[in-house]
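These notes are about the structure you will find just below.
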Amino acid sequence: MQRASRLKRELSLLTAEPPPGITCWQNENQLDDLRAQILGGADTPYEKGIFNLEIVVPERYPFEPPKIRFLTPIYHPNIDSAGRICLDVLKLPPKGAWRPSLNISTLLTSIQLLMAEPNPDDPLMADISSEYKYNKQLFLLNAREWTEKYASQ
């Protein structure tokens, strides 16, 4: 019950006061199956891109983090080809930094920040990570190409 009322509260807040560049909604009236869109930030290779994400809320939420993945392909060192995201707030301690005080809005904002500032030292995609570190121009070119190809409307 706690989970349902908390999710309703979070969703109404996300609808009323969404973080800039982020929208989130229920998928087909399923409370534990959400969709989100993140707009690529200005001055990033994802600029003007619209990225769709899937959010699956576990039974034990908020004591367990939601599972979030990109449905839109994205060229990024911390996001793999299946859309999985390497981000500490998406994992339980001791390896992760998830806390029940965090919410879906915070997670989506963290993902948006990760898109703008990749963490090449904790990559899911080693090849993209080394490209980001050692040949940033090529990384930016590839990321822009993917954004145009997969994330433009």
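In this chain, residues are counted from 1 in sequence order. Computed from a prediction, not measured in an experiment: that's the story for all the values here.
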| query | Side chains of Y61 and Q2: do they bring a donor and an acceptor to under 3.5 Å? | reply | no
Is it possible for you to say whether [X] and [Y] belong to one hydrophobic cluster, with membership spreading through side-chain heavy-atom contacts below 4.5 Å?
X: L141; Y: M115; value: no
X: I104; Y: L31; value: yes
X: W25; Y: L14; value: no
X: L11; Y: I111; value: yes
X: I68; Y: I50; value: no

Heavy-atom pair with the smallest gap, counting every atom of [X] and [Y]:
X: W98; Y: V89; value: CE3-O, 3.3 Å
X: Q112; Y: L39; value: NE2-O, 3.9 Å
X: R6; Y: P62; value: NH1-CB, 3.1 Å
X: L87; Y: S110; value: CD2-CB, 3.9 Å
X: P65; Y: P58; value: O-CG, 3.4 Å
X: P100; Y: F63; value: CG-CD2, 3.8 Å

For [X], check side chain to side chain contact (heavy atoms under 4.5 Å, CB included) against everything at least two apart and list the hits.
X: P73; answer: W146, Y150
X: R69; answer: E54, L71
X: E28; answer: none

| Test applied, salt bridge (charged side-chain N to carboxylate O under 4.0 Å, His left out); reference residue, R3; option that passes from E59, E10, E64 |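 With R3 as partner, E59, E10, E64 yield a single salt bridge (charged side-chain N to carboxylate O under 4.0 Å, His left out), made by E59.
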May I ask you to test the [X]-[Y] pair for a side-chain heavy-atom distance under 4.5 Å?
X: I38; Y: T23; answer: no
X: C86; Y: I79; answer: no
X: L90; Y: L107; answer: yes
X: D32; Y: V56; answer: no

| query | Between atom CG of L140 and atom CD of E131, what is the distance when rounded to the nearest 0.5 Å? | reply | 9.0 Å
| query | Got a sec, which pairs hit ring pair (Phe, Tyr, Trp, His ring centres under 6.0 Å) with one end in residues 109-132, sequence neighbours left out? | reply |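 Counting only pairs at least two positions apart or across chains, the ring pair (Phe, Tyr, Trp, His ring centres under 6.0 Å) contacts touching residues 109-132 are Y132-F139.
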| task | Scan for side chain to side chain donor-acceptor pair (under 3.5 Å) pairs involving residues 35-48, sequence neighbours excluded, and state none if there are none. | result |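 Sorted result for residues 35-48: D33-R35, Q37-N52.
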| task | Mark yes when over 12 heavy atoms from residues, nucleotides or ligands other than K136 sit less than 6.0 Å from its NZ; otherwise mark no. | result | no
Identify every side-chain donor-acceptor pair in residues 118-128 under 3.5 Å, counting partners at least two apart or on other chains, and give the distances.
| unit_1 | atom_1 | unit_2 | atom_2 | d |
| --- | --- | --- | --- | --- |
| N119 | OD1 | D121 | N | 3.1 |
| D121 | OD1 | K133 | NZ | 3.1 |

